[in-house]
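Lettering follows sequence order; numbering is per chain, from 1.
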Amino acid sequence: MSGPTLSPPTAADAFATQYVSFWVGDQLLGVPVSVVQEVLNPQQIARAPLSRPEIAGLLNLRGQIVTAVDLRCRLDLPLKEDAESMNVVVRHRDESFSLLVDEVGDVIDVAGERMQPVPQTLDARWKNITRGVYRLEGRLFVSVNIQAVLSFGAVQAA
Amino acid sequence: MSDELLHEFLSESWENLTQLDTEIVELEKQPDDIERIASIFRTIHTIKGTCGFIGLDRLGAVAHSAENVLGRMRAGELGVDPSSVSLVLEAVDRIKELLVKIEETGAEPDLDSSDLIRKLDLLASIPDAFKGQESDQCEPTPSQVVGESTCASPTPQDSSDANPTTMPATDSDSAPPEVARASETAPIEASEESGTSPRKGVADLSIRVNVDVLDSLMNLVGELVLTRNQLLQLVRGDQESRYTTPIVHLNRVTTDLQEGVMKTRMQPIGNAWNKLPRLVRDLSNVTGKQIELEMSGAETELDRTVLDAIKDPLTHMVRNSADHGVEDPATRRANGKPELGTIQLSACHEGGHVVICIADDGGGINIEKVRNKALRQGLLDEATLSRMSDHETLQLIFRPGFSTAEQVSSVSGRGVGMDVVRTQIERIGGTVDLSSSPGAGTTIKIKIPLTLAIISALVVESGGESFAIPQLGVVELVRLAEEDRGRIEWIHDRPVFRLRDRLLPLVQLSEILELENRSLRDCEEVNIVVVQVGEEQFGLVVNEVFDTEEIVVKPVGRLLKELGVYQGTTILGDGRVIMILDVTGIASRFGGLSNGVEEADSADATDVRSGHESTTTSLLLFDPGDGSQMAVPLSLVARLEEVPSEAIERAGNQLVVQYRGDLLPLLAISGTGQAEGAEIQPVIVFTEGRNSMGLLVREIKDVLEESLVIRMQRGRPGIAGTAIVDGAATEVIDTRHFLLQAHPDWFASPEHEIDQRLVLLVDRSPFFRQLAVNSLPANDVHVTAVAGLEEGVELYSAGRRFDAVIVEIELSDADGVESLLRSASVEPYSTTPMLGLTRVLNDEVQRLAADAGVSRVMAKFDPDAVTTAIEQMCFESTRVQEAV
């Protein structure tokens with residue numbers, strides 16, 4: 001269930017060609033392979049009372065405590081009936097975060113494709129966390145800006 | 001020379017040198033401590049020996065000469081005095097300098113130390129000559145010096161074959177006790193005795209491990225614990241399983257392993273203090289002060305990452321205390337203090353934190369100076385400053401660019417520092433608090449969380465979630481069965497619990513954390529965790545209290561940090577993640593531990609700012625005994641008590657109960673007031689000075705915040721009137737009636753007036769307004785403060801009435817005088833008794849005051865006298881009104 005632990009993210013993220021893809025609602029999204037620590041099946045998540053709704057809670061990843069962020073909530077989508085979400089664990093600024101997603105897809109290689117800019121008409125929440133869009137055969141693939149996902153409005157991470 | 005060898009030499013030498021700084025300073029204090037000299041000697045000797053071994057000749061030469069001096073000191077042939085100690089320290093510094101260069105370049109630098117070596121050698125050979133002509137270059141040849149030295153150590157080049165035979169006898173004599181005493185010196189001993197490479201000794205007892213390795217070990221152990229738990233789950237309920245025994249064993253080993261790995265990261269805080277004695281000593285020399293550094297609690301363990309983070313701030317603060325805090329001997333003498341100033345450095349565990357205190361007995365911080373400086377630098381405006389308490393003002397010192405030092409010294413006072421200190425402490429989640437009393441010194445208290453430390457915590461459940469509360473903050477646990485629920489009382493909507501002799505504010509954890517919350521009134525069983533925050537205590541109501549567990553505190557993630565109610569997270573034995581509560585954060589979440597009185601104060605403070613006043617009164621509702629509802633203003637109630645019915649006695653025609661070593665007269669409002677057959681009798685206690693009386697009631701119902709408007713006047717004795725409270729007609733009792741029944745002389749003196757008096761204060765100084773509002777309410781006087789007479793008139797036209805007006809008379813200000821004179825003809829001021837306050841009390845002021853209709857003039861800034869005057873004026877005005 002856990003993928004190989006990959007090298008830490010580098011400045012080359014912007015030029016990443018390999019993405020771990022996942023579904024949230026009907027949308028295919030992805031984060032660079034280099035920031036993904038591992039992918040986990042649904043985990044037991046402990047609530048952190050008083051935290052903002054996007055923060056689903058904390059999970060124990062082999063003794064390491066990981067903050068889980070519910071991407072559905074973050075993207076203003078209705079919450080899923082069954083709370084079983086897959087975890088895409090990413091490293092960001094020396095801390096691990098788990099992105100709760102509906103399903104995890106393949107690793108997508110976008111080498112040779114051109115990243116399209118974020119469409120201006122996109123909903124503000126989406127626009128904020130989107131780094132760019134790739135047109136793959138038959139569907140659009142959104143590259144997610146981790147930094148933006150983990151910054152909540154005024155809560156700009158120091 | 002291999003890199004690895006060099007690296008090992010460097011790390012070992014650094015460790016030894018750090019130790020050395022402390023020891024040399026200690027030596028200066030107790031010059032006859034032979035053991036210490038021997039220990040310092042050995043440290044230097046080890047460095048010298050290793051230098052020779054790996055071919056660092058220049059470094060070896062310095063060490064060698066320093067060793068000679070120390071050798072003569074040890075032999076008692078050379079006195080230990082400041083100048084010689086300074087020279088040794090200089091040599092130590094030079095050794096460090098060389099080490100730094102070696103670390104940078106990997107090779108010995110071309111640094112000329114011959115001057116220092118000459119001085120050292122001179123001191124070792126002819127101490128008196130050195131003293132007399134320290135600056136003169138008296139020139140004995142180096143070879144002579146070595147030859148004459150009593151401690152005939154081999155030359156650096158030969159030192160690799162240093163063996164016990166070249167060591168003086170005294171060394172081996174003193175060695176054995178040393179081995180047992182301190183592990184730090186032991187390896188050095190071992191090396192000398194064995195005569196082999198010194199590095200081996202160190203390696204035998206301790207190794208250096210990269211912290212990352214420890215971190216990953218800790219994570220692996222966590223994984224192991226989880227697996228262990230799963231296995232335990234599997235064999236549970238299956239007594240026959242042949243796996244049971246090995247799994248139980250695995251369980252035990254895993255627990256031990258977990259503990260062991262966790263402890264590897266802990267270090268005593270003393271490691272961060274090593275350099276401070278030397279620092280203070282050097283500072284004393286530079287500044288000409290006499291300072292002693294006292295350290296306690298050096299064994300307090302901290303996670304090494306935290307330790308690293310506080311090293312610099314600590315150093316800075318101690319330096320500040322020595323430079324700015326402690327006065328010079330002359331000043332101290334003049335102030336009647338001993339010339340020797342003291343800086344106390346202490347550390348301890350407290351409430352789940354490590355608290356480090358740096359206290360000096362110096363002159364303290366001049367608050368006025370801080371205020372002026374803040375004003376001058378434009379950090380804050382005067383109005384804001386005047387509202388700040390002394391304590392708040394002091395914290396300005398942590399603002400960037402702030403330094404009150406009159407003169408910038410070479411040591412500190414450049415205005416960078418305290419803000420950096422605070423930033424660094426806060427970065428690791430700590431807090432800094434500064435308090436100072438003029439003339440007596442300054443205390444800085446640093447509170448840092450035990451990030452990654454192992455603490456003992458109480459695991460509780462509330463609203464369906466588990467939480468850990470650091471055991472250090474927990475005072476006691478109280479479990480109330482259903483029938484004891486009555487001990488929880490309510491003041492307004494806040495529950496309080498009578499714990500022995502005091503009222504404990506209760507807070508429901510589920511309510512604070514906005515979890516599913518059951519009303520306290522519906523709970524069958526109530527679990528109260530009594531926790532300590534600063535000087536105060538409060539009760540945290542939880543659903544269930546589980547066990548105490550040793551937990552590893554893990555930092556709160558970035559996204560949760562801002563909540564302030566968690567000080568960390570932890571993983572329980574069964575792998576569950578739970579939050580560790582920060583009781584201080586929780587206390588601040590519900591607005592601190594203000595009780596009713598303090599709340600009233602803060603409400604008053606708001607009045608001053610907004611210029612408006614809330615007209616509501618806290619009313620205590622009770623059932624007098626006939627099922628009806630009555631009320632009494634809460635401000636008049638001293639306490640609510642419950643006495644066992646059988647304790648109520650009859651003395652003459654008076655009911656009494658023994659209460660706090662005295663007899664408390666009891667009265668009932670209607671009938672007996674006693675709840676028939678009830679075992680517990682609620683009593684409302686009124687106290688004034690030495691007089692107390694209790695009112696028997698059947699039940700205390702509630703406390704409500706209502707605007708008290710008496711609709712109907714008194715119908716019968718003891719009832720002041722009827723008001724609408726909480727939608728129901730409620731009789732408000734006339735407390736005076738009952739008080740007089742119990743003590744006919746209750747109101748013998750005017751200060752015993754207990755109705756609240758409304759006073760209007762007209763003063764342009766926001767500071768004085770604040771002062772008056774805060775100091776007067778304690779005397780049943782409610783102060784509304786305004787800046788000008790006109791505003792007062794507005795209040796009157798808005799329908800507000802006051803029993804007395806206090807007005808500032810400032811002659812130096814034409815406007816003030818004019819408006820005061822005008823007031824003589826303005827309606828409210830000509831009918832209400834007025835009290836004038838002035839800075840300068842003279843005939844002119846008196847005359848002016850009389851013209852303006854001011855009945856009395858007093859000097860400002862004497863709160864007691866002002867209070868008394870107000871009470872008298874209010875009393876007189878009451879009499880006037882009653883007479884009319």
Side-chain angles (χ1 to χ4, degrees), chain A residues 1-2 5 7-8 35 37-38 40-71 73-74 83 87 89-100 129 146-158, chain B residues 215-227 229 258 261-262 423 426-427 452 462-468 509-517 552-566 568-582 585-586 589:
Chain A
M1 72 183 199
S2 62
T5 306
S7 54
V35 301
Q37 187 179 330
E38 55 194 290
L40 302 171
N41 282 329
Q43 296 283 309
Q44 191 186 353
I45 292 177
R47 280 172 65 193
L50 293 184
S51 61
R52 43 194 319 129
E54 291 92 338
I55 296 172
L58 302 171
L59 57 97
N60 171 5
L61 179 61
R62 294 187 302 277
Q64 185 192 6
I65 291 178
V66 176
T67 311
V69 177
D70 190 330
L71 271 194
C73 186
R74 184 77 182 87
N87 296 267
V89 182
V90 296
R91 281 302 278 182
H92 180 67
R93 297 207 191 170
D94 292 334
E95 207 179 319
S96 290
F97 296 91
S98 172
L99 306 179
L100 298 189
I129 65 140
I146 297 279
Q147 157 83 38
V149 169
L150 299 177
S151 310
F152 300 95
V155 195
Q156 293 301 339
Chain B
D215 278 349
S216 65
L217 265 182
M218 187 129 87
N219 281 343
L220 286 174
V221 168
E223 184 88 332
L224 184 63
V225 167
L226 285 191
T227 318
N229 293 337
Q258 190 181 14
V261 170
M262 283 164 186
T423 316
E426 286 180 351
R427 193 172 294 150
L452 270 166
S462 182
E465 304 281 331
S466 294
F467 298 95
L509 186 57
S510 50
E511 189 185 332
I512 288 285
L513 297 178
E514 292 167 16
L515 291 166
E516 193 183 317
N517 189 18
V552 187
V553 184
K554 304 209 168 205
V556 191
R558 204 163 56 229
L559 298 178
L560 297 174
K561 212 172 248 168
E562 93 233 42
L563 298 178
V565 292
Y566 306 120
T569 51
T570 191
I571 299 176
L572 289 185
D574 58 5
R576 268 187 305 154
V577 178
I578 65 168
M579 311 298 296
I580 304 168
L581 298 175
D582 178 354
I586 286 174
R589 186 124 190 138

Per-residue contact mode, L513(B) against chain A (heavy atom under 4.5 angstrom): both
Value for CD1 (I571(B)) from CG (L61(A)), rounded to nearest 0.5 Å, stands at 9.0 Å
If one checks every heavy atom of S466(B) against chain A at 4.5 Å, the contacting part turns out to be neither
Heavy-atom donor-acceptor pair, E465(B) side chain to P49(A) backbone, under 3.5 Å: no
Residue V66(A) versus chain B: region with a heavy atom under 4.5 Å: neither
Closest heavy-atom contact between S51(A) and L560(B)? CB-CD2, 3.3 Å
For V565(B), which atoms come within 4.5 Å of any heavy atom of chain A: side chain, backbone, both, or neither? side chain
State, with a plain yes or no, whether a side-chain heavy atom of E54(A) is found less than 4.5 Å away from one of L559(B). no
Go through the atoms of L50(A) and report whether side chain, backbone, both or neither lie under 4.5 Å from a heavy atom of chain B. both
Spacing of I65(A) atom CD1 and T569(B) atom OG1 [to the nearest 0.5 Å]: 3.0 Å
On a heavy-atom basis, which atom in G557(B) and which in E95(A) lie closest, and how many Å separate them? CA-OE2, 3.0 Å
Report which part of L59(A) has an atom under 4.5 Å of a heavy atom belonging to chain B: side chain, backbone, both, or neither. backbone
Below 4.5 Å, heavy atoms only, C-beta onward: do R558(B) and T67(A) meet side chain to side chain? no
